[in-house]
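Scope of the values below: all heavy atoms of this structure, side chains included, with no hydrogens, waters or symmetry mates. Just so we're on the same page: letters track the sequence lines, and every chain starts at 1. Remember, it's a predicted structure, so these values are computed and weren't measured experimentally.
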Amino acid sequence: MTEDVRAQMIALLPRLRRFALGLTGARDDADDLVQAACERALNRLHQWQPDTRLDSWMFRIIKTIWIDQWRSNRAHGAHVELDDAGPLVGSNGRHVTEVRNTLEVVCRAMEQLPDEQRLALTLVSVDGMSYEEAAAVLEVPIGTVMSRLARARRRLHELLETKSATLARGGKLK
Amino acid sequence: MTQLDEETLMAYVDGELDPRRAAEVEALLAEDAEARATVQMFRDSAALVRGAFDPILREPAPARLLAAVNAPVTSKVSDIRLARRSPLSRFFPQTVWARAAAVALLIGAGAGYLTAQWQSGVLEPSARVATADPLLNEALETTASGAVFARQEREKGIERNIMPLLTFRDASLRYCREFESTLKIPDGLQVSYGVACREQGVWQPQALMARQLISPTLRGDPAMDHSQYVPAMGGEVAGFDTIIEQLMVGQSLGPDEEAALIGRSWR
């Protein structure tokens, strides 16, 4: 069974990395988080019921590690690598339409969201989970996911103002 | 925007409304410019984050992550028990896990035992118990790891199965065994995991974690709908593993060593 789970886990890696990046906002941290989650999952494989979804379980492990350890260990503010993205508001509009910078700008804005809003946003809008699936990962009611998600998107919109519209419609992004 | 709140508009954008409600929202949007602007805001925000993160999916996974997934399991106990610990779905489908079920955690504390009721994540000492368990004692004394020791009390409608999972020694060189115990009662099942150590010829429970399962016929709790995502016992088992890893000294005993010990009554 373990070998089959390992194969499933490898297939999940791209989604896990994307989810972790949504939470940490920095690539190295995201991969550290995914690595810790994979190690924990393999050591605790007996807790996973094979007839349930591996992705939900892995996402929940990432969420738990991030909340329990990550946040408490890194008390410092924004990440150095994102400082290169320039000021968030008032910077050159054309500059941020570059795809490379879009991720940095979005990550930087997301860092300003409360943890629970960032989780809801990452699960639903980044990963594409349904509200119900996200509620299962977060272990909260669907209504709670919705209110956190709506507040996250409203706040993100305020942080990025017209940039979000420009970026979303700019042809660089789908 | 009196009839359409933000969350409804967001659910409309995210395709979470049923077709009838979505059509109602569309009709209302036609005459509500403010709501249309909110819809656009939700569309833009979703497209922005989705588009920003999607390139990650096309990147090959770094070698260190592939190595982590393919690494041998490092926990001292987990890999051994993987094959042994019975999937509880064998008895009941996963969906009957009672969310609100009380979990009792008993941790051996010095000479006596500290009982704790673990409910809603709160661990509270409540009473001291040191009750002997003759069936458990017999099971651990005579049964190999992975084998099931079964006893029935038909008149009471009770069936008890005890399966030792792992045998090891602790720091004071006592033999200790982790076990899974299931108690089938008329309207459900109680599953517990525990660890007991042999002292002066008796297996003394050191830690016990129990969960009550209700019978499928008692289902009907809407909160159960999501429980298919809940791994059995989740974090509680993680805490339990820690107890065992702390108790255990060296490696667990192999089947031959265990059989020899059972043969000579653990002396």
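Side-chain atoms of A:Arg153 come within 3.5 Å of backbone N or O of B:Phe42 as a donor-acceptor pair.
With B:Leu65 as the fixed residue, the side-chain contact (heavy atoms from CB on, under 4.5 Å) test singles out one of A:Ile10, A:Leu13, A:Leu16: A:Leu13.
For the atom pair CZ of A:Arg6 and CG of B:Asn70, the computed distance is 6.0 Å after rounding to the nearest 0.5 Å. Taking OG of A:Ser130 as the reference point, atom CG of B:Asp14 lies at 10.5 Å (rounded to 0.5 Å). Distance OG/B:Ser45 to CG/A:Leu159: 12.0 Å, rounded to 0.5 Å. With rounding to the nearest 0.5 Å, the separation of CG in A:Leu160 from CG in B:Asp44 is 10.5 Å. Remark: B:Met10 CE to A:Tyr131 OH distance equals 3.5 Å, nearest 0.5 Å. In this structure, B:Phe53 CZ and A:Leu103 CG are separated by 5.5 Å, a value rounded to the nearest 0.5 Å.
Between A:Asp32 and B:Arg64 a salt bridge is recorded (basic side-chain N to carboxylate O distance below 4.0 Å). One finds a salt bridge joining B:Glu59 and A:Arg27 here, because a Lys/Arg side-chain nitrogen approaches an Asp/Glu carboxylate oxygen to under 4.0 Å.
B:Glu16 touches chain A through its side chain: at least one heavy atom from C-beta onward sits under 4.5 Å away, while N, CA, C and O do not. For chain B, the nearby parts of A:Ser147 are the backbone and the side chain; heavy atoms of each come within less than 4.5 Å. Contacts between A:Arg151 and chain B at a heavy-atom distance below 4.5 Å are absent for every atom of the residue. If you measure heavy-atom distances from A:Gln35 to chain B, the contacts under 4.5 Å come from both the backbone and the side chain. With a threshold of 4.5 angstrom between heavy atoms, B:Ala67 does not approach chain A through any atom at all.
Residues B:Val69 and A:Cys38 come closest through the heavy atom pair CG2-SG, 3.7 Å. In terms of heavy-atom proximity, A:Val106 sits nearest to B:Ala52 at CG2-CB, 3.9 Å. For the residue pair B:Pro60 and A:Arg17, the shortest heavy atom distance occurs at O-NH1, 3.8 Å.
A heavy-atom distance below 4.5 Å is not found between the side chains of B:Asp54 and A:Val126.
Top candidate by heavy-atom pairs under 4.5 Å with chain B, chosen from A:Asp31, A:Leu21, A:Thr122, is A:Asp31. Contacts with chain B were tallied for A:Met9, A:Met146, A:Met110, A:Glu39; A:Met146 has the most, counting heavy-atom pairs under 4.5 Å. Counting heavy-atom pairs closer than 4.5 Å to chain A, the top-ranked of the candidates B:Pro62, B:Ala61, B:Ala68 is B:Pro62.
Judged as a side-chain contact (heavy atoms from CB on, under 4.5 Å), and not counting sequence neighbours, the contacts of A:Pro114 are A:Glu116, A:Gln117.
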